[in-house]
Amino acid sequence: MHATTRRSIFTNNKKAYLFIAPFFIIYISFHLFPQLFSLYLSFTNYKIRGGTVWVGLRNYSRVFADNRFWQSIGNTALFWLMTLPVQMVVAVVIATAMSNLPSRMRGLLSGCYYLPVVTNLVATIFVFQLMYDTNYGVINYLLSKLNMAPIPWVTNPSWARVATVLLITWKGLGYYIVFTLAGLMSVDRSLYEYANIEGATSFQKIIHITLPSIAPILLYQAFTGTIAGWNIFMEPFLLFGKTGGPLNACMTASIYIYSEGFNNLKFSSAASMSLLLALITSVFATLQFRLFRQDKEKR
Amino acid sequence: MSGLHIGSKRINRVFLYMALLLFALVAIFPFYWNLLSAFRPVERIFTYPPKLYPSDFSLYNFQRLSAYFPQFPRNILNSVMLAVCIPFLSILCNSLAGFAFAKMHFRGKNFLFGVVIATILIPSASGYIPLFIEMSKLRLVDSHLAIILPAMAGAFGVFLFRQSMLGVPEELLEAARIDGAGDLGMYVRIALPLIRPMLITVYISTCIGVWNEYFWPFIILKSESKLTFPVVLAGIQGLLFEAPWGVIMVGALILAVPTLIIYLSLSKYIVPDIFGGSVKG
């Protein structure tokens, strides 16, 4: 018996390749290959029916000179900055408040907060469009009760951005709350008792115990949230279509890439843009690690 | 003085509860509004002031469903079929690889796992254009296979399964081997049952994810009979001069209700444990 065990530990178990084969065949054909193909596309003027020519960096120089692309990058950055930090801060506040509640109450509230996360976005968009309606929408009706003038949610460029940000926040906040709360609940309670003995204020407790303990979760949220934020597509696309709404105010980079690629069939220029976007995304995503490490050093 | 202090604390607490409840109300209000509008005659949806409570109950919007979505049962069936198949196939594919990476020994293991980890965060958005070209070369445009195949393999899934299968005790595998089980036997009879809670979690969240998926089906599917329901519903708005809001609200309800039911009945598998700490304290 021992001999067989030994063999399986120290020698090359060829059966393992059969175990990993299904995954790797599909992963390479439909995930890795498209990425490499995208790189190739970006150096050509690709035509689906043949006649593709190598053009070197011409796509990239064209993209760099394309004002609409940089506008869409600006819009994307705006959405990222208006949603992610707000969601994370609000989530920490709400989760902290919830952590002192009786557990039944906590479960009920987090159940409510998480509902939007699992809901279909298409359904969400339609309901929000109805609620955002300037003349008949329930949001403007409720605002009128507070003596506020009707807001042109989807027809004014600035308000269209606000409307998109509110929708993204409504949909995503529960995710941040529930994960932050899970982190808070696993913080060692004796640390707080010790701090109480030392006479720490609740603000000091938050700064010196709570935040450092949940820093890994916050880092994870900032990191994945940055990747998702820079690739934001669905919400503004479903709200406003491929034009990005009034004056293209909500035209994000992904929407622009989509319309160049799938509508104007400029596959190559779209591929170079999406690689640039991936580059920008990874710069900002890795920057999160820097940000959080500096926080730790300051402590 | 101390009495006053307790009093202000209590007031704070009341404010806190109110604020949390208000947030909860905001979170569920759109669902309520969806439900209300779906059962309202369409001319009542656009009246001012809007009625915040149920009124003018009507099933008219439901009766009009097939007029606006001629292939409605078919579209729902497509959605359900994908939402059932894809989680199963992706779990199979990813957990087999995860098991090999966790418990088997072979040449190139570290390198291959490194490839999986290094590519885990490539945003899939940048792959849609080349993937579309690839699918059109493979003549898979307008087929469900074009949705199923890419969804079967995921780097994060392999990572997840490898991590959880690392925890499968060697002694159990050893015992199974003595009983004459091969590698496949150990995977089926020891590893999979031990990670059952995670299997359920991954199945449910993948299932919800596929049901909610809009973009790729929208890109790759063309014929009405193959479309999934979210794509059909989202497509109705541009088609007609005036959007049939009553029917749209029914469609939104149909999209939302299954995930709500799954979520409400199985939330302990979806949401991380928020009760753990209270026992510890």
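This structure is a prediction, so every number in the text was calculated from the model and none was measured. Below, chain A is the first sequence line, B the second, and so on; all start at residue 1.
- Using a 4.5 Å heavy-atom threshold, the side chains of Glu134(B) and Phe37(A) count as separate.
- In this structure, the side chains of Thr124(A) and Phe31(B) stay at 4.5 Å or more apart for every pair of heavy atoms.
- Side-chain atoms of Met135(B) and Phe30(A), non-hydrogen and from C-beta on, do get closer than 4.5 Å to each other.
- In this structure, the portion of Leu142(A) lying under 4.5 Å from any heavy atom of chain B is its side chain and not its backbone.
- Annotation: maximal heavy-atom pairing with chain A below 4.5 Å, among Gly251(B), Cys93(B), Ser90(B), Ser37(B), occurs at Cys93(B).
- Only the side chain of Leu52(B) comes within contact range of chain A, with at least one heavy atom under 4.5 Å from a heavy atom of that chain.
- Phe23(B) touches chain A through backbone and side chain together, each having a heavy atom under 4.5 Å away.
- With a 4.5 Å cut-off on side-chain heavy atoms, Ile133(B) and Leu41(A) count as touching.
- Heavy atoms of Tyr48(B) lying under 4.5 Å from chain A belong to its backbone as well as its side chain.
- Closest of all the heavy-atom pairs between Pro230(B) and Val122(A) is O-CG1, 3.8 Å.
- Counting heavy-atom pairs closer than 4.5 Å to chain B, the top-ranked of the candidates Pro22(A), Pro116(A), Ser282(A) is Pro116(A).
- The nearest pair of heavy atoms linking Val127(A) to Pro30(B) is CG1-O, 3.4 Å.
- For Leu36(B), no part sits under 4.5 Å from any heavy atom of chain A, backbone or side chain.
- Chain A forms the most heavy-atom pairs under 4.5 Å with one residue out of Ser95(B), Gly108(B), Ala97(B), and that residue is Ala97(B).
- Within the 4.5 angstrom heavy-atom criterion, only side-chain atoms of Leu101(A), from C-beta onward, approach chain B.
- Of the atoms belonging to Lys109(B), not a single heavy atom falls under 4.5 Å from chain A.
- Of the two parts of Phe218(B), only the side chain, counted from C-beta on, holds a non-hydrogen atom closer than 4.5 Å to a non-hydrogen atom of chain A.
- Ranked by heavy-atom pairs under 4.5 Å with chain A, the first of Leu16(B), Val158(B), Leu20(B) is Leu20(B).
- Proximity to chain A (any heavy atom under 4.5 Å) is restricted, for Ile208(B), to the side chain, taken from C-beta onward.
- In this structure, chain A has a heavy atom under 4.5 Å from the side chain of Ile248(B), while its backbone stays farther away.
- Counting heavy-atom pairs under 4.5 Å between each of Ser38(A), Gly261(A), Ala270(A) and chain B puts Ser38(A) at the top.
- Summarising the geometry of Pro102(A) relative to Tyr17(B), their closest heavy-atom pair is CD-OH, 3.9 Å, with the distance given to 0.1 Å.
- Of all the heavy atoms in Val116(B) and Tyr27(A), the pair that sits closest is O-OH, 4.3 Å.
- Contact tally against chain A (heavy-atom pairs below 4.5 Å) for Gly209(B), Ala252(B), Pro130(B), Pro49(B): the top residue is Pro130(B).
- Two residues are said to be in side-chain contact when any heavy atoms from C-beta on lie closer than 4.5 Å; Leu96(B) and Ile20(A) fail this criterion.
- For residues 24-34 of chain A, no residue pair satisfies the salt bridge (charged side-chain N to carboxylate O under 4.0 Å, His left out) rule, not counting sequence neighbours.
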Step-by-step side-chain contact (heavy atoms from CB on, under 4.5 Å) determination, Leu32(A) to Val115(B): CA-CA 10 Å; Leu32(A) 296 184; Val115(B) 169; 4.2 Å; yes

Phe101(B) and Phe19(A): CA distance, side-chain angles, deciding distance, side-chain contact (heavy atoms from CB on, under 4.5 Å) verdict: CA-CA 9 Å; Phe101(B) 282 124; Phe19(A) 276 69; over 6 Å; no

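- For a residue to count as touching a neighbouring chain, one of its non-hydrogen atoms must lie under 4.5 Å from one of that chain's; by this rule Leu253(B) does not touch chain A.
- Only the side chain of Phe33(A) comes within contact range of chain B, judged by heavy atoms closer than 4.5 Å.
- Closest of all the heavy-atom pairs between Ala16(A) and Ala100(B) is O-CB, 4.1 Å.
- Only the backbone of Thr47(B) comes within contact range of chain A, with heavy atoms under 4.5 Å apart.
- Across Phe23(A) and Asn94(B), no two heavy atoms sit closer than the pair CD1-OD1, 3.4 Å.
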Stepwise side-chain contact (heavy atoms from CB on, under 4.5 Å) test for Phe106(B) and Lys14(A): CA-CA 7 Å; Phe106(B) 53 98; Lys14(A) 291 215 172 68; over 6 Å; no

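- Taking the six-membered ring for Trp and thresholds of 30 and 60 degrees, Phe262(A) and Phe132(B) have ring planes more than 60 degrees apart, a perpendicular arrangement.
- With a 4.5 Å cut-off on side-chain heavy atoms, Tyr136(A) and Pro50(B) do not count as touching.
- Heavy atoms closer than 4.5 Å to chain B are found nowhere in Ser99(A), neither backbone nor side chain.
- Contact count versus chain B (heavy atoms, under 4.5 Å) is highest, among Leu130(A), Leu121(A), Leu238(A), for Leu130(A).
- With no hydrogens or angles considered, no side-chain donor-acceptor pair links Tyr128(B) and Ser274(A) at under 3.5 Å.
- Annotation: maximal heavy-atom pairing with chain B below 4.5 Å, among Gly111(A), Gly241(A), Ala95(A), occurs at Gly111(A).
- At least one side-chain heavy atom of Gln129(A) sits less than 4.5 Å from a side-chain heavy atom of Trp245(B).
- If you measure heavy-atom distances from Leu115(A) to chain B, the contacts under 4.5 Å come from both the backbone and the side chain.
- Residue Ser136(B) touches chain A through its side chain alone, counting heavy-atom pairs closer than 4.5 Å.
- When Phe128(A), Tyr46(A), Trp230(A) are compared by the number of non-hydrogen pairs under 4.5 Å with chain B, Tyr46(A) comes out ahead.
- Contact of Leu173(A) with chain B is made through the side chain alone, with heavy-atom distances under 4.5 Å.
- Ranked by heavy-atom pairs shorter than 4.5 Å toward chain A, the options Leu173(B), Ile28(B), Leu260(B), Leu233(B) are led by Leu233(B).
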Worked verdict on Arg107(B) versus Tyr17(A) for side-chain contact (heavy atoms from CB on, under 4.5 Å): CA-CA 9 Å; Arg107(B) 217 162 282 148; Tyr17(A) 297 117; 3.5 Å; yes

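- Looking at Asp133(A), only its side chain comes within 4.5 Å of chain B, counting heavy atoms on both sides.
- Between Phe215(B) and Phe233(A), the angle of the ring planes goes over 60°, which puts this pair in the perpendicular group of the 30/60° scheme.
- Note: Tyr214(B) and Phe237(A) have tilted aromatic rings, judged against thresholds of 30 and 60 degrees for the angle between ring planes.
- Contact check for Asp183(B) versus Leu18(A): no side-chain heavy atoms found under the 4.5 Å cut-off.
- Contacts of Tyr175(A) with chain B are absent, with no heavy-atom separation under 4.5 Å from either backbone or side chain.
- The candidate from Leu255(B), Leu21(B), Thr259(B) with the greatest count of non-hydrogen atom pairs under 4.5 Å with chain A is Leu255(B).
- The salt bridge (charged side-chain N to carboxylate O under 4.0 Å, His left out) check on Glu260(A) picks up Lys266(A), with sequence neighbours excluded.
- Note on Asn135(A), Ile94(A), Val90(A), Asn120(A): by heavy-atom pairs under 4.5 Å with chain B, the leading option is Asn120(A).
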